[in-house]
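Encoded as structure tokens, the structure appears first; notes follow it.
All chains are named by letter (A, B, ...) in the order of the sequence lines, taking the proteins before the strands, and each is independently numbered beginning at 1. Basis for what follows: all heavy atoms, side chains included, without hydrogens, waters or symmetry-related copies.
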Amino acid sequence: MSAELLEAPATTETLTIGKALNLGLRRAMEDDPKVVLLGEDIGRLGGVFRITDGLQKDFGEARVVDTPLAEAGILGTAVGLAMRGYRPVVEIQFDGFVFPAFNQIVTQVAKMHARSRGLVPMPMVIRIPFGGGIGAVEHHSESPEAYFAHTPGLKVVAVSNPVDAYWGIQQAIACPDPVVFLEPKRRYWDKAPVDTSATPGPLFGSRVVRGGDDVTVLAYGPMVKTALQAAEAAETEGRSLEVVDLRTISPLDLEPVYDSVRRTGRCVVVHEAPVTLGLGAEIAARVTETCFHSLEAPVLRVGGYDVPYPPSKLEEDYLPDLDRVLDAVDRAMGF
Amino acid sequence: MSAELLEAPATTETLTIGKALNLGLRRAMEDDPKVVLLGEDIGRLGGVFRITDGLQKDFGEARVVDTPLAEAGILGTAVGLAMRGYRPVVEIQFDGFVFPAFNQIVTQVAKMHARSRGLVPMPMVIRIPFGGGIGAVEHHSESPEAYFAHTPGLKVVAVSNPVDAYWGIQQAIACPDPVVFLEPKRRYWDKAPVDTSATPGPLFGSRVVRGGDDVTVLAYGPMVKTALQAAEAAETEGRSLEVVDLRTISPLDLEPVYDSVRRTGRCVVVHEAPVTLGLGAEIAARVTETCFHSLEAPVLRVGGYDVPYPPSKLEEDYLPDLDRVLDAVDRAMGF
Amino acid sequence: MTALRDETDDADIGDLHEVVDPVPGAGAPHLPQQPDLVQLLTPEGERMEHPDYPLDVSDEELRGFYRDMTLVRRWDAEATALQRQGELGIWASLLGQEAAQLGAGRALRDSDTAFPTYREHGVAWARGVDPLHVMSLFRGVDNGGWDPVERGFNLYTIVIGAQCLHATGYAMGVQRDGDGSAVLAFLGDGATSQGEVNEAMVFAASFDAPVVFFCQNNQYAISVPLERQSKVPLYRRAAGFGFPGVRVDGNDVLAVLAVTRAALQAAREGQGPTFIEAFTYRMGAHTTSDDPTRYRLAGEVEEWKLRDPIARLKAYLSRSGLADAAFFEDVEAEADRLAARIRSGTVEMPDPRPTAMFDTVYAEQTPPLAAQRAQFEAYQASFEGGEHA
Amino acid sequence: MTALRDETDDADIGDLHEVVDPVPGAGAPHLPQQPDLVQLLTPEGERMEHPDYPLDVSDEELRGFYRDMTLVRRWDAEATALQRQGELGIWASLLGQEAAQLGAGRALRDSDTAFPTYREHGVAWARGVDPLHVMSLFRGVDNGGWDPVERGFNLYTIVIGAQCLHATGYAMGVQRDGDGSAVLAFLGDGATSQGEVNEAMVFAASFDAPVVFFCQNNQYAISVPLERQSKVPLYRRAAGFGFPGVRVDGNDVLAVLAVTRAALQAAREGQGPTFIEAFTYRMGAHTTSDDPTRYRLAGEVEEWKLRDPIARLKAYLSRSGLADAAFFEDVEAEADRLAARIRSGTVEMPDPRPTAMFDTVYAEQTPPLAAQRAQFEAYQASFEGGEHA
Ligand SMILES: Cc1ncc(C[n+]2csc(CCOP(=O)(O)OP(=O)(O)O)c2C)c(N)n1
Ligand SMILES: Cc1ncc(C[n+]2csc(CCOP(=O)(O)OP(=O)(O)O)c2C)c(N)n1
Ligand SMILES: [Mg+2]
Ligand SMILES: [Mg+2]
């Protein structure tokens, strides 16, 4: 065994989701000089969540661009940069501020590849810190993923942990298609060991993160942790939940879910977005169609209520939590 | 019986959907001086579909406003007008051009009433000619209803016939909440007798438009006609379809649907929008949850494919038609 | 390509350096004068006249401005402290912008309407909004507790720039009603880059709407300095849309009052919109979540302290004998009382009813949402019954 | 409120009447001259000099412009006819705008890139795009059949104004690559009201992007006349964003060429963006779906005929002896051949493969969409098998 190998530095580090994203971005920028970051306050400040901390200092202002305050402008110029052969990675400061850019995302980013019969690819990552639970004012706690998942031409992922954050951001940047990359802002400070020399699994795949037999619980982004907590609590009551981290929201990877539901016969989907036409609707429809004869109960949905995200003093009432997941599990078992 | 009554003019006229909307708008403007129309080309030209034909001439430029070419501007100024006590009725020229206004609709129109604890109502109608089938170029054939139905604070209706067009537009204008009013553009020229002195049913209610026993078929807007045609064709094969015109998309009025499905045990939802996270998803989830034990087959969805609306030479392949509805009915019966 | 570039160099759109200079002279002795800046009170507290903006202001009013600005600054300091102590989720400080806000706020008549951003606590004060109704927003109890219609002061708008269109539309309504009132839209320097803000200028110009755009150029949009948004002075944006723009010393409450009053009067008279750039400085952090040391030097802040809006009015009041020590002490005492009231009112503020979130989504409740509300109540009740305990 | 209003009246933003006049003088003898209009060829075909825009153009190039414009006009007429006969879904005519489009198109170098709206058939021609690749869009076969990368000519953009941001971003890429090319963004007068277009100006100015905004002011956005969008000349918009604007006679191919070349050259040299307002007129309907008699008078169209872009070049070529009858006949004959090719090529155009809609949604196909495609194929096949017949 060579000396080099013995001396190789440890490749596993304990990282927060935020830091994992920062390192993943850094590595992507090192790997490909065409990667350019654009956003409000991402340069000198390093972003309001510091996800781009230090990157402008090391890669310069041409690659980490503090833009004017205009989201359509950011997305629209990113389209132009992508046409020119760059790989723009755009930061939307908060979920609620993606809407000024919605026209560019829906009518341009999503359609350019199809419009041009594949001649104009749109490799682009739209990073959005999403979801609630941080005690913020209006527009800072939204979960807009269903809008994007309903839009053909976009791919949408939501990470739930530092490992997926580190690899996922690099994979999203390497992806030749536009990826809406959702970051669970209230979990930015959650930690886990990340092996930066490992070989990551595919970006667009769901994953069973806890085995179980009674009910299949699906979640993504910030709700994965909630689902796992619910599974733990359920265990003490002798109930066994299988938890799937969907990871990819568009395309949905439901084969592992079907397998699970065929075994458990029961399924609960959890997300923060309003229930009506949230991801739970689509998943319920597909799971029911595919596993019709295996289902002992309808697929139940736990989500935000169909109201504007409330003032923060009410967000605990609004957001799905362990108890609401367990309540749905109870109801599923009751059918 | 008085002479006046005997001499009363006939109140039933055969109208196209387009003309019914025009007359409905006229009547709303006569009834309430606070009704103001805003949009591109709606004044002198009378709108590209002539829905506002003659209204500027009769009500003046202060009430029928040709705006600058900016949809966010139209919606944003409409918000201000509503705050000032007006009832703006906004025309978006084509479905694909609502996205520049998306920020105002989602973050302002939809939230204002809740934000202000009810102190600032948003009575506003956003008229959108929607859907395909007219051989148009890109962005002129979209079905964006799911984006709005997923947004708490908005109400969304889709009309399918001249009677609902005539009354619906008046009811939407009278509604104290913001209503996205979807007009089936390819059916603008469809005709039916309209009794302009009748008492209309509620705006936010679905309606069984054809009775049947084997499968419940749900549709709204342009697809109601398609569903009815399918029901007719099915009858010749001895299959009896119950057709429900959903009419209201948000809030959904599913009680009549549940009643029907409990009888038929089978349900098919039809819309033009992409299947993934289209209205069919929500309806499938709710119908399954509510009628779980009555269902003989999963709720099946017939919709646009998950691709950008194609060039018009392919739109017949893209759009649900009679055959695709029947195919889904066959599959539902096959479970 | 000389032809076109020559135009850039002419007086009309040149002067790039003026703005690139991080602290363009708003009258401090060691800094160059800005010829296009309206000023009625120098940083040293000297009263000046401006040919276009004669100002008639009573001694009472002058003292009133001092009181307003001092009380609002104290409120601001108390709010920052309360946030540090965990009593507010966040706070957006107006420190340094008191003159811009009070000058503009006091230019309004009762029947006028203002559309703020999220930082116009000084305007809220001028509109008679209870500070606790602003605190409740930052505490997360509601989205602003005042009645926007009664106060003529819309709720805070957090989506940058969206309110400029609302103000313009509202002004179009005013125009139809013909009641001679006017509308004041607030925005920041960063907001000038938003498409919606520029659309508001298009609409306002096209319809001659009685709206005044009041831009507090506090030199930053969070960390991003003004020159990223515009290399030419912001007030010049208006001319390209066909209406006048004017730059006023935003730390000079009298100049702000005079300019805003004039613009509102023009709007009332049917002369259409005006864009006012109030040249000022954000003395504190963007919000309590922000760390400005990451993007600006302490020296810059120090230089702006020389132009403090309250100090200059105090100097003027003292020097001209309009106020004595007793007056200043009284104001301080009043500020203490206000701070105490804000503190106790904030910490004692009751949490909202959880079901509140269902009740005002619509003016006409929908059956599905009523059902969700009922489920929610039943679910909450199940805890009280100990079912889930 | 005299102070502010005085500014409106000064030369910089005044002249409201100039634009309210439905047919401001683009040089027709009976109409007032516009002092701010760059013109090198009068409507009567007289060559003029402009101090800022010297133009060196060979006889060959001059004849080339005549040929280009004539062929493009013929193509346009043929397309309109084909639409009437049901062979196209719709057609957006460029009639009257040939000079603006060819002058701009020929100002580009091969390595430059243009971002059109949906009406730039003349620019497409200049970029070497096969007319049939434009026809396929309007026939509903595809969204434009050319290769945008190879041609340096982006696909048509139908969402008004969206391409201005793409052009700006592309120019930011060019800037990073440092290859000395430039970018030309097309837009209409109506488009200037869109937020995104104004944001493009913000970004272009902020980053000194090598992009030129080429606005064809054809006086209408469908039925809406220019003055609804702006009461001041459009080229003045640019100054408020910090870069030069210039108005050129859009029916004068030489002036358009000279001004656009100069602006592109400035962009290449790192001097940043320019806004060009090409003052022209839409002689026909907005599209074949439109009926312009509903909103404008025939007399207006007649007046603009006096300023026809082709007639004036023809007059100049004849008068100066640069072209003879044989030349003009040759061009006519070529136009006939072109029209015939466009006609046959259009009517014989094969329909697209139905499965095509699934194949380029993503660069990397997704399993669910592949499954949908397979279902679609199976479903289609079921008809061939007669299952549903
Ligand atoms: C549409 C939108 N994008 C981003 C944000 C996040 N954000 C909040 S304040 C701010 C800076 C605003 O700067 P400016 O307009 O100068 O106002 P100031 O805060 O300086 O008063 C940003 C980017 C937002 N609120 N809305
Ligand atoms: C965002 C958007 N809104 C509305 C439309 C519908 N529309 C198509 S062309 C047009 C007018 C465009 O006017 P202008 O920019 O002057 O260009 P022109 O057609 O005169 O060349 C409108 C409103 C559109 N295509 N995109
Ligand atoms: Mg600022
Ligand atoms: Mg035009």
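Closest heavy-atom contact between Glu61(A) and Arg176(D): O-NH2, 4.2 Å. Taking all atoms of both residues into account, the shortest heavy-atom contact from Ser181(D) to Arg84(A) is OG-NH1, 4.2 Å. Taking both residues in full, the closest heavy atoms of Val361(D) and Pro152(A) are given as CG1-C, 4.4 Å, listed atom of the first, atom of the second, then distance. Of all heavy-atom pairs spanning Ile74(A) and Phe203(D), the tightest one is N-CZ, 3.6 Å. Smallest separation of non-hydrogen atoms from Gly73(A) and Glu199(D): N-OE1, 2.6 Å. Residue Met83(A) comes nearest to Phe115(D) through the heavy atom pair SD-CE2, 3.5 Å, listed as atom of the first residue, atom of the second, then distance.
By number of non-hydrogen pairs under 4.5 angstrom with chain D, the leading residue of Asp177(A), Leu254(A), Val79(A), Leu154(A) is Asp177(A). Between chain A and the residues Asn154(D), Leu165(D), Asn143(D), the most heavy-atom pairs under 4.5 angstrom are made by Leu165(D). With respect to chain D, the highest number of heavy-atom pairs below 4.5 Å among Ala62(A), Cys175(A), Gly118(A) belongs to Ala62(A). When each of Pro251(A), Ser116(A), Ser250(A), Gly153(A) is scored by its heavy-atom pairs under 4.5 Å with chain D, the top score falls to Gly153(A). When Asp177(D), Val183(D), Asp359(D) are compared by the number of non-hydrogen pairs under 4.5 Å with chain A, Asp177(D) comes out ahead. Of the listed residues (Asn103(A), Asp253(A), Val120(A)), the one with the most heavy-atom contacts under 4.5 Å to chain D is Asn103(A). For the set Val202(D), Ile158(D), Thr168(D), Leu155(D), the count of heavy-atom pairs under 4.5 angstrom toward chain A peaks at Leu155(D).
With a 6.0 Å radius and a threshold of 12 heavy atoms from other residues, nucleotides or ligands, Glu377(D) has its CD atom above the threshold. Residue Asp179(D) places its CG atom among more than 12 non-hydrogen atoms of other residues, nucleotides or ligands, all under 6.0 Å distant.
When heavy atoms are compared at a cutoff of 4.5 Å, Glu364(D) approaches chain A by way of both its backbone and its side chain. Proximity to chain D (any heavy atom under 4.5 Å) is shown, for Met122(A), by neither the backbone nor the side chain. Heavy atoms of Lys34(A) lying under 4.5 Å from chain D belong exclusively to its side chain. Looking at Ala200(D), neither its backbone nor its side chain comes within 4.5 Å of chain A, counting heavy atoms on both sides. Contacts of Ala78(A) with chain D are absent, with no heavy-atom separation under 4.5 Å from either backbone or side chain. With a 4.5 angstrom heavy-atom cutoff, Val174(D) touches chain A via backbone and side-chain atoms both. With a 4.5 angstrom heavy-atom cutoff, Pro121(A) does not touch chain D via any of its atoms. With a 4.5 angstrom heavy-atom cutoff, Val149(D) touches chain A only via side-chain atoms. Contacts of Asn198(D) with chain A are absent, with no heavy-atom separation under 4.5 Å from either backbone or side chain.
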Derivation of the side-chain contact (heavy atoms from CB on, under 4.5 Å) call for Thr157(D) and Gln108(A): CA-CA 9 Å; Thr157(D) 298; Gln108(A) 305 301 317; 4.2 Å; yes

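Using a 4.5 Å heavy-atom cutoff, the side chains of Thr366(D) and Lys155(A) are in contact. Using a 4.5 Å cut-off on side-chain heavy atoms (C-beta onward), Tyr170(D) and Leu81(A) make no contact. Between Pro148(D) and Leu119(A) the shortest side-chain heavy-atom distance falls below 4.5 Å.
Rounded to the nearest 0.5 angstrom, Trp146(D) CH2 and Arg117(A) CZ are separated by 9.0 Å.
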